[in-house]
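Got a structure here, written out as structure tokens. Questions coming.
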Amino acid sequence: MVADQLRPRGILDERLLAAMEDIPRHLFVPARLAPRSYEDCPLQIGEGQTISQPYIVAEMTQALRLSGTEKVLEIGTGSGYQTAILCRLAGEVVTVERIASLLEKARKVLMEPYTENVRFRIGDGTMGVPEEAPFHRIIVTAASPKVPTPLFEQLAEDGIMVIPVGERWEQDLLRVRKEKGRMRKEVLGGCRFVPLIGQFGFHE
Ligand code: SAH
């Protein structure tokens, strides 16, 4: 996966590549899909949701520019695979999922090799987690019609947020920075995520 799908497409962050080499992606998908878990595509994880394609996980994580000390907010825990990578590359992680059954599965896999620097939340991630703010980094792994206001408010000065923004089934992957309180956006490429459902996202 790392040699065929990631390096040739410009993922060069060695800490990230090592994390993706080590973290057993097959544990984060339903057992019947384990044999396909390193393929170059997203896979169904139940409840109509998907685990992102490995390259997308890598592209989003690389765009966050993590050095190892950051406090990160992740919206859309899903399988917990992206969460595992963040835990390895950042200081601490707060992850929010709206579907309880997915959160419970992710919690189980992540607690197996006891991960200490993660806190799980159930709820509408478009509201962020104000009591834990500010966050140095925010990653949203579901598609939003716009950058949710509470998330930008909870981003630290000089912080980075990576989020797919656009239509329900087609979006631009954005890197958003907060510079002197103002939003600076950069388009990283096109993408397709399941919708972010919530007050500042899409409606059900
Ligand atoms: N990073 C995950 C992606 C899962 S798909 C992975 O690779 O496994 C996106 C997830 O976002 C789904 O699990 C979906 O339930 C969740 N989601 C959608 N809207 C949300 C919201 N408002 N708050 C929290 N999670 C949300």
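Predicted, not measured: the structure shown is a model, and the values here were computed from it. Whatever order the structure lists ligands and atoms in, that order sets their numbers, starting from 1. Hydrogens, waters and symmetry mates play no part in the numbers below; they use all other heavy atoms, side chains included.
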Legend entry - Proximity flag Val57 to ligand 1, non-hydrogen atoms under 4.0 Å: no
Legend entry - atom 18 (C) of ligand 1 [closest protein heavy-atom partner, distance rounded to 0.1 Å]: Pro195 O, 3.6 Å
Inset, instruction - Classify the contact between Gln82 and ligand 1 as side chain, backbone, both or neither, using a heavy-atom distance cut-off of under 4.0 Å. - result: side chain
Legend entry - N or O pair under 3.5 Å between Ser52 and ligand 1: yes
Inset, instruction - Mark up the atoms of ligand 1 that fall under 4.0 Å of a heavy atom belonging to Gly125, in ascending order. - result: 21 (C), 22 (N), 23 (N), 24 (C)
Legend entry - Per-atom contacts, ligand 1 versus Gly123 - under 4.0 Å to a heavy atom: 23 (N), 24 (C)
Legend entry - Phe152 six-ring centre to Lys178 NZ/CZ under 6.0 Å and within 45° of normal: yes
Inset, instruction - Just need the protein heavy atom nearest to atom 13 (O) of ligand 1, so name the residue and atom and give the distance. - result: Glu97 OE1, 2.7 Å
Inset, instruction - Identify, for atom 19 (N) of ligand 1, the protein heavy atom at the shortest distance, and state residue, atom and that distance. - result: Ile197 N, 3.0 Å
Legend entry - Nearest-contact summary for atom 12 (C) of ligand 1 - protein heavy atom, Å: Gln49 OE1, 3.2 Å
Legend entry - Euclidean distance, Leu73 CG relative to His136 NE2, rounded to 0.5 Å: 12.5 Å
Inset, instruction - Would you tell me whether Thr83 and Thr77 have side-chain atoms, one donor and one acceptor, within less than 3.5 Å of each other? - result: no
Inset, instruction - Just jot down the ligand 1 atoms closer than 4.0 angstrom to any heavy atom of Ile99, in number order. - result: 15 (O)
Legend entry - Candidate pair Arg88 and Asp22, rule salt bridge (charged side-chain N to carboxylate O under 4.0 Å, His left out), full reasoning: CA-CA 10 Å; Arg88 166 105 168 228; Asp22 291 350; 3.0 Å; yes
Inset, instruction - Considering only non-hydrogen protein atoms, determine which one is nearest to atom 4 (C) of ligand 1 and report residue, atom name and distance to 0.1 Å. - result: Thr50 O, 3.0 Å
Inset, instruction - Look at ligand 1 and say whether Ala106 reaches it with a heavy atom at a distance under 4.0 Å. - result: no
Inset, instruction - Dump the intermediate steps for side-chain contact (heavy atoms from CB on, under 4.5 Å) on Leu151 and Val140, then the final yes or no. - result: CA-CA 10 Å; Leu151 296 186; Val140 182; 3.8 Å; yes
Inset, instruction - Start with the C-alpha gap between Arg65 and Glu70, add the side-chain angles, then the distance that decides, and say whether salt bridge (charged side-chain N to carboxylate O under 4.0 Å, His left out) holds. - result: CA-CA 10 Å; Arg65 307 229 168 119; Glu70 296 84 0; over 6 Å; no
Inset, instruction - Measure the CG-CD1 distance between Leu155 and Ile138 for me, rounded to the nearest 0.5 Å. - result: 4.5 Å
Inset, instruction - Would you mind running through ligand 1 and noting each atom that sits below 4.0 Å from a heavy atom of Gly76? - result: 1 (N), 2 (C), 3 (C), 10 (C), 11 (O), 16 (C), 25 (N)
Legend entry - Basic-acidic side-chain contact under 4.0 Å: Arg121, Glu131: yes
Legend entry - Residue pairs fulfilling side-chain hydrogen bond (donor to acceptor under 3.5 Å, both in side chains) with at least one residue in residues 37-46, sequence neighbours excluded: Arg9-Asp40, His26-Tyr38, Arg36-Glu39, Asp40-Gln53
Inset, instruction - Please check if any side-chain donor atom of Glu74 sits under 3.5 Å from a side-chain acceptor atom of Thr141, or the reverse. - result: no
Inset, instruction - Find all atoms of ligand 1 within a distance of less than 4.0 Å from any non-hydrogen atom belonging to Val194, and give their numbers and elements. - result: 5 (S), 9 (C)
Legend entry - Closest protein heavy atom (residue, atom, distance) for atom 6 (C) of ligand 1: Ser79 OG, 3.5 Å
Legend entry - Non-neighbouring partners of Ser52 that pass side chain to side chain contact (heavy atoms under 4.5 Å, CB included), sequence neighbours left out: Ile56, Val57, Phe193
Inset, instruction - Using distance alone, decide if ligand 1 has a nitrogen or oxygen within less than 3.5 Å of any nitrogen or oxygen in Ile75. - result: no
Legend entry - Protein heavy-atom partner closest to atom 1 (N) of ligand 1 - residue, atom, separation in Å: Thr141 OG1, 3.2 Å
Inset, instruction - Pull out every atom of ligand 1 sitting under 4.0 Å from any heavy atom of Leu102, numbered as shown with elements. - result: 13 (O)
Inset, instruction - Enumerate the atoms of ligand 1 whose separation from the nearest heavy atom of Ile51 is less than 4.0 angstrom. - result: 6 (C), 7 (O), 8 (O)
Legend entry - The one among Glu204, Gln199, Arg98 that brings a heavy atom closest to atom 17 (N) of ligand 1: Arg98
Legend entry - Spacing of CD belonging to Gln82 relative to CD1 belonging to Ile75, to within rounding of 0.5 Å: 12.0 Å
